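If you read the sequence from its start, that first residue is 1, and numbering goes on from there. Note that this is a predicted model, so its numbers are computed, not measured.
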Amino acid sequence: MMLDDTTPFFLSFDTQHQFNARESDWGFTSFMPLSELYDPSRGYLVNDTVVVEAEVAVRKMIDYWTYDSKKETGYVGLKNQGATCYMNSLLQTLYHIPYFRKAVYHMPTTENDMPSGSIPLALQSLFYKLQYSDNSVATKELTKSFGWDTYDSFMQHDVQELNRVLCEKLEDKMKGTVVEGTIEQLFEGHHINYIECINVDYKSNRKESFYDLQLDVKGCRDVYASFDKYVEVERLEGDNKYQAEQHGLQDARKGVLFLDFPPVLQLQLKRFEYDYMRDTMVKINDRYEFPLQLDLDKDDGKYLTPDADRSIRNLYTLHSVLVHSGGVHGGHYYAFIRPTLSDQWYKFDDERVTKEDTKKALEEQYGGEEELPQVNPGFNNTPFKFTKYSNAYMLVYIRESDKEKIMCNVDEKDIAEHLRIRLKKEQEEKEHKKKEKAEAHLYTIIKVARDEDLKEQIGKNIYFDLVDHEKVRNFRIQKQLPFNSFKEEVAKEYGIPVQSQRFWLWAKRQNHTYRPNRPLAPHEEAQSVGQLREVSNKAHNAELKLFLEVELGLDLRPIRPPEKSKEDILLFFKLYNPEKEELRFVGRLFVKALGKPSDILTKLNEMAGFSPNEEIELYEEIKFEPNVMCEHIDKKLSFRSSQLEDGDIISFQKPSIPGGDTQVRYKDVPSFLEYVHNRQVVHFRCLEKPKEEEFCLELSKLHTYDDVVERVARQLGLDDPSKVRLTSHNCYSQQPKPQPIRYRGVEHLLDMLVHYNQTSDILYYEVLDIPLPELQCLKTLKVAFHHATKDEVVIHSIRLSKNSTISDVITDLKTKVELSNPDTELRLLEVFYHKIYKIFPPHEKIENINDQYWTLRAEEIPEEEKNLTAQDRLIHVYHFMKDPNQNQQIQNFGDPFLLVIREGETAAEVMDRVQKKLRVPNEEFAKWKVAFISMNRPEYLQDIDAVSARFQRRDVYGAWEQYLGLEHTDTTPKRSYTANQNRHTYEKPVKIYN
């Protein structure tokens, strides 16, 4: 190993691997060539000895394949349906507030309620399983009780919003019950909004309640700093004075103080906020600390109103921390909870529950930046820092003085008896299924169809083939059991003696129909059930499917079936009634291969209840997929000549009489089966209420577009079907497709229902004010009209023919807007991101104009623009500011406009006209700067600079790339985002429908 005492020769490789039962072998396939090892000059081999060192760190790691949350922690997790981690973290938090759990258990439910249709029962069921189950719990019943579909389960929502909506729904459902008021008792606090005049004796107070508090994260070091900011006093003075009753405008102080805090304090940390500069939502990952003990009485109760009840000690202990890991466009939620408020924390991450220490639950969820340790500490290299994207998003504190009440004991006596019975039965069934699954290799399922099944199903549940095997009696039989023993079990079940039973194997034919193929031979019945199953699989059956043939004697008791020869054919018969549009099974017969249908007509009439000599027509049902094949049978030909064999189906009827008294829709068996094959029940919903079913119609998949809208119009009582517009259903999102069906844009109903490889049974309708063909020839444009003298913008819908021009739009618009002068001319502009990209020429057609992404703006043409000289310039003027977070990049805002620049006009003169045009007060306008901007680079202008000289170049891409910029703060009212400032951009509002 050593060439001398000071010079080491060594070679090292590093790797990382977690050894477990599945991966116990790990290493390097090659380390070094033996030639190098034996080379004396290398110095690895000294005195015929080489030293090999391996450093192994032994750590306790979690094997998630075999990890048992219940065994390791005493708690179980919740299964994620796709994007329901946010809901799982909230449900675990609420479940571990025992007082809340007990109240849910005491909500009245009945044994007839279904969890999927009752939020209280679904929540009771979920909490019960969390308390007593050994495995992770599914939430599908709960989300179904919300009225959610698969699309909702894959749409991530905001925890705070779900919390509010769920608590409001529970509060409503608790009214009039023994637990009424529980939500308020747990979560409701009150604060006072006040405005206090400084110079006169006037004060306005307004008491408001809250279930949670939204605390600022940005600019705040910790929770206390957020509360300081929450109660911060705002001075109303100058232009912002307060209008006090009987005192006029007054200087005043405005603020918020708390009257009382709730026993369970929910703090929503504003990790997401809207960035007006970037016009998007952003996540705040700043470091934000929160204490294990929160004292809201600190500093002599500075957060409380003077008349607050000071006898209540507002000292809180942290119960749970809800964490969001990720960015504004996606992420994952989990929760750290202290179920008993002890020192032990638990991490609830969907199905997995693990024990965690206090540092993991608190300090590591503060957010901020983390510094990686230096690789070479001796060198003066800058440490690498990275942002921590996992941080606390919601905190739940419990008041110390209420701890005993809130953290109460909850046991089985708190759970309704019917719920205990129901859930224990569910658990027993689950265990039974689990046992069956474990023993499945020892058993086989035998599905037995009888004549009774055919009579029950044909004409009700099915029309084609003979039986639905999913709805017949199943027998779970040990594979090693002799088949004759199975026959004894059948005898006990149906009271049919073993000697009177004859079983037929079903076969799947090449045309995808299932028919009884042949009876079991005596040697097959002597085999075991398992051996017979193998025979069945050779006959292309997934399971052992049998038809039980039972023959009756004159006394209607079962008798031994007669021997079947090769000449005997077993046929099944259905009877069709055209007047009732009814098809039913009437029996089966053995016929001779060389016999003819005419030989059995009397017997068929007897089976149908007809007179013996009734004339009947016979049809063979051959197949039904992909198309119906049902052919007329020549009664003079032999059964063999008609290619009939065991298991074939013959449908018969009285012959149709042309021009008879009774009018029928489907005169014969083939036309009726064709109708049934294409029959489709469609559920119609109003497009404005896509969750609510309005009506159902039975239609045919072959109905044309005109047929469908005619039926819908008739249902709606409309005289003109062309005013009905339909929209298809998206099977994946469970929403209407974005584009409606064009007039006669599809050939058949089936084309309306197919979405990729799935077929829906839902269509959406809307009633138009004009016929759809006429509407499709029109173009509807949304035009924003900017009034010349009023600070108002009015949106107008202009509907014209697609061949219309901009001139037609302006003519139509003039009839709808208020003009400063009847003779005023208008123009139409294309505006996008606060820049003017186009001035439409009057002759341009409107067909290709896209107002979905671009704003169309109409405005009066100023008089000064009508008589331009060769030296005048019509330039673009845009508002802008610099974004400090984006390397001082220019951000445009506000309404752009056009301005005439005269030859030699200075910046001061231009700005004077701009101020008058925009009517900006002197005090504010003094803060504005003017710049010539080309290719997004500003050149600030002095008062004496000539503006027109800057606009001589013609080599820019477009007028919007070279403009006069007005730099100032954006003081225009922002768009409203009051619904939920914390909601991510990818989320939809939470709705609980039931």
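Cation-pi contact between Lys347 and Tyr334: present, with separation from the ring centre below 6.0 Å and deviation from the ring axis of at most 45°. The side-chain tip of Lys283 does not point at the ring of Tyr389 from less than 6.0 angstrom away and within 45° of straight on. Figure legend: cation-pi geometry between Lys254 and Tyr242 absent, as NZ or CZ is not positioned both under 6.0 Å from the six-membered ring centre and within 45° of its axis.
Remark: Tyr346 engages Tyr75 in a ring pair (Phe, Tyr, Trp, His ring centres under 6.0 Å) (not counting sequence neighbours). Partners of Lys302 according to the side-chain hydrogen bond (donor to acceptor under 3.5 Å, both in side chains) rule, which considers only residues two or more places apart in sequence or in another chain, are Asp228, Asp299. Applying the salt bridge (Lys or Arg N to Asp or Glu O under 4.0 Å) test to Asp216 and every residue at least two apart in sequence or in another chain returns Lys229, Lys270. With sequence neighbours excluded, the residues forming a ring pair (Phe, Tyr, Trp, His ring centres under 6.0 Å) with Tyr128 are Tyr132, listed by chain and number. Residues forming a ring pair (Phe, Tyr, Trp, His ring centres under 6.0 Å) with Phe127 (at least two apart in sequence, or on another chain): Tyr95. Considering only residues two or more places apart in sequence or on other chains, Phe290 meets the ring pair (Phe, Tyr, Trp, His ring centres under 6.0 Å) condition with Tyr366. Remark: Glu351 pairs with Ser136 by the side-chain hydrogen bond (donor to acceptor under 3.5 Å, both in side chains) rule, at least two apart or across chains. In this structure Asp350 satisfies the salt bridge (Lys or Arg N to Asp or Glu O under 4.0 Å) test with no other residue, sequence neighbours excluded. In terms of the side-chain hydrogen bond (donor to acceptor under 3.5 Å, both in side chains) criterion, Glu184 has no residue partners (sequence neighbours excluded). For the side-chain contact (heavy atoms from CB on, under 4.5 Å) test, residues two or more places apart in sequence or in another chain that qualify with Ser209 are Glu188, His190. Asp172 pairs by the side-chain hydrogen bond (donor to acceptor under 3.5 Å, both in side chains) definition with nothing, not counting sequence neighbours.
By the neighbour-count criterion of 12 heavy atoms within 6.0 Å, atom CD of Gln243 is densely surrounded, having more than that number from other residues, nucleotides or ligands.
The structure places CE of Met394 at 11.5 Å from CG of Leu215, a figure rounded to the nearest 0.5 Å. For the atom pair CD of Gln266 and CZ of Phe210, the computed distance is 10.5 Å after rounding to the nearest 0.5 Å. The structure places NZ of Lys388 at 6.0 Å from CD of Glu364, a figure rounded to the nearest 0.5 Å.
The one candidate from Thr354, Asp357, Ile337, Val321 that meets the side-chain contact (heavy atoms from CB on, under 4.5 Å) condition with Trp345 is Val321.
The ring-ring contact (aromatic ring centres under 6.0 Å, His included) analysis of residues 397-437, with sequence neighbours excluded, yields no pairs.
A side-chain donor-acceptor contact under 3.5 Å links Tyr67 to the backbone of Val353.
With a 4.5 Å cut-off on side-chain heavy atoms, Leu130 and Arg101 do not count as touching. At a threshold of 4.5 Å between non-hydrogen side-chain atoms, the residues Arg338 and His319 do not count as touching.
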